[in-house]
Amino acid sequence: MKTNDMLKKAFTAALLVGFLSCGRNPASSIEEHCGKRDRVEDVELISIEEKLPELHSNSGVFMLGDTLIINDYKSTDKRFVVYDIKEDKFLGKFGKFGEGPGEIANFAGIVIDPVKHILYGMGYSTWYMSGFDIREALSDPDYKAFF
C-alpha cells in the first residue's frame, strides 16, 4: 500500500511540475512565441487584366523569374503573351499560329529553360519539338519557332 501511495504522490508531483513549467514567462513578450505564419499582413490584389491583350478563358501560365508567360491555347494570332511582374508592364506577344514553317498549332507539353530563356513544346499537328528564344521572339515580330 505504501508503494502505491508513493507512486501516486510522485506521479502527481511530476504532473504539477510539468503543468507549471509549461506556463508563459510574464516577463517575455508574446512575439517570441509567434511563428512566421502568425504574422498577418494586409495585401492588395491588383489585376493586370487591363494591361494585357484579350485572352481566352483557357490559358496556361508559366513563370521565368519575374516574367509571366501566358499560353493562350485558343488564340489564332500569337500564342504567347509575356508580362513583367516586377516592372508591371506588358512586354509583348510571340508564337505565330499556323501549320507552316516556324508556326505552331496544337502546341503543348511546354517546358522553359530558365538559363537560356528558351521555351520548348511539342506541336501535335506536326509531331515536331519546337522552340522559341523568348528574348529574340519579343524583339522580332517576325520571329519563327525553330525545330
Side-chain angles (χ1 to χ4, degrees), residues 7-8 10-147:
L7 283 174
K8 284 181 185 178
F11 182 70
T12 304
L15 281 175
L16 187 59
V17 169
F19 285 134
L20 291 176
S21 66
C22 289
R24 186 174 83 75
N25 179 358
S28 71
S29 69
I30 293 176
E31 283 291 317
E32 78 180 58
H33 298 289
C34 291
K36 289 181 182 177
R37 292 182 180 192
D38 296 328
R39 293 192 178 104
V40 178
E41 294 182 28
D42 290 331
V43 294
E44 181 182 355
L45 295 177
I46 301 171
S47 174
I48 62 171
E49 189 174 2
E50 65 274 356
K51 297 177 184 176
L52 296 174
E54 188 174 334
L55 297 169
H56 295 88
S57 61
N58 189 14
S59 299
V61 178
F62 304 91
M63 291 295 297
L64 178 61
D66 291 329
T67 306
L68 183 68
I69 301 171
I70 302 166
N71 180 9
D72 188 356
Y73 298 113
K74 295 183 180 179
S75 174
T76 56
D77 178 27
K78 302 280 185 164
R79 292 292 300 268
F80 296 97
V81 175
V82 184
Y83 183 82
D84 188 321
I85 295 171
K86 192 173 188 176
E87 298 294 322
D88 192 27
K89 70 178 187 177
F90 169 68
L91 298 178
K93 297 171 17 173
F94 67 89
K96 185 165 174 53
F97 176 79
E99 294 188 22
E103 298 175 340
I104 55 171
N106 302 320
F107 198 67
I110 295 169
V111 178
I112 298 176
D113 181 338
V115 176
K116 296 181 180 178
H117 290 232
I118 296 178
L119 182 144
Y120 298 99
M122 176 68 75
Y124 288 122
S125 60
T126 59
W127 291 102
Y128 286 113
M129 180 70 76
S130 300
F132 293 93
D133 183 314
I134 297 169
R135 288 178 239 169
E136 284 186 39
L138 288 172
S139 64
D140 180 5
D142 297 324
Y143 183 87
K144 295 186 177 186
F146 60 84
F147 293 104

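Computed from heavy atoms alone, side chains included, the values below leave out hydrogens, waters and symmetry copies. This chain uses plain numbering: 1 for the first residue, then up along the sequence. All values derive from a computational prediction rather than experimental measurement.
Across Phe97 and Ser75, no two heavy atoms sit closer than the pair CD1-O, 3.6 Å. Closest approach of Ile104 and Ala145 over heavy atoms only: CG2-CB, 4.3 Å. Taking all atoms of both residues into account, the shortest heavy-atom contact from Pro114 to Leu64 is CA-CD1, 3.5 Å. In this structure, Asn106 and Arg79 approach most closely via the heavy-atom pair N-NH1, 3.8 Å. The shortest heavy-atom contact between Gly60 and Tyr73 is N-CE1, 3.3 Å. Counting all heavy atoms, side chain and backbone alike, Met63 lies closest to Ile85 at CE-CD1, 3.5 Å.
Once rounded to the nearest 0.5 Å, the distance linking CG of Leu68 with CG of Leu52 reads 7.5 Å. In this structure, CD1 on Ile110 lies 4.0 Å from CZ on Phe80, to the nearest 0.5 angstrom.
Between Tyr83 and Ile70 the shortest side-chain heavy-atom distance does not fall below 4.5 Å.
For Tyr128, the OH atom sits in a loose shell: 12 or fewer heavy atoms of surrounding residues, nucleotides or ligands are nearer than 6.0 Å. Heavy-atom neighbours of Glu41 CD from other residues, nucleotides or ligands within 6.0 Å: at or below the threshold of 12.
For residues 82-99, the set of pairs meeting the salt bridge (Lys or Arg N to Asp or Glu O under 4.0 Å) definition, not counting sequence neighbours, comprises Lys51-Asp88, Asp77-Lys93. Within the structure, the salt bridge (Lys or Arg N to Asp or Glu O under 4.0 Å) test picks out no pair touching residues 125-139 (sequence neighbours left out).
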Could you please spell out the steps behind the side chain to side chain contact (heavy atoms under 4.5 Å, CB included) verdict for Phe90 and Val81? CA-CA 8 Å; Phe90 169 68; Val81 175; 3.5 Å; yes
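Aromatic ring orientation, Tyr143 versus Phe132: tilted (interplanar angle from 30° to 60°).
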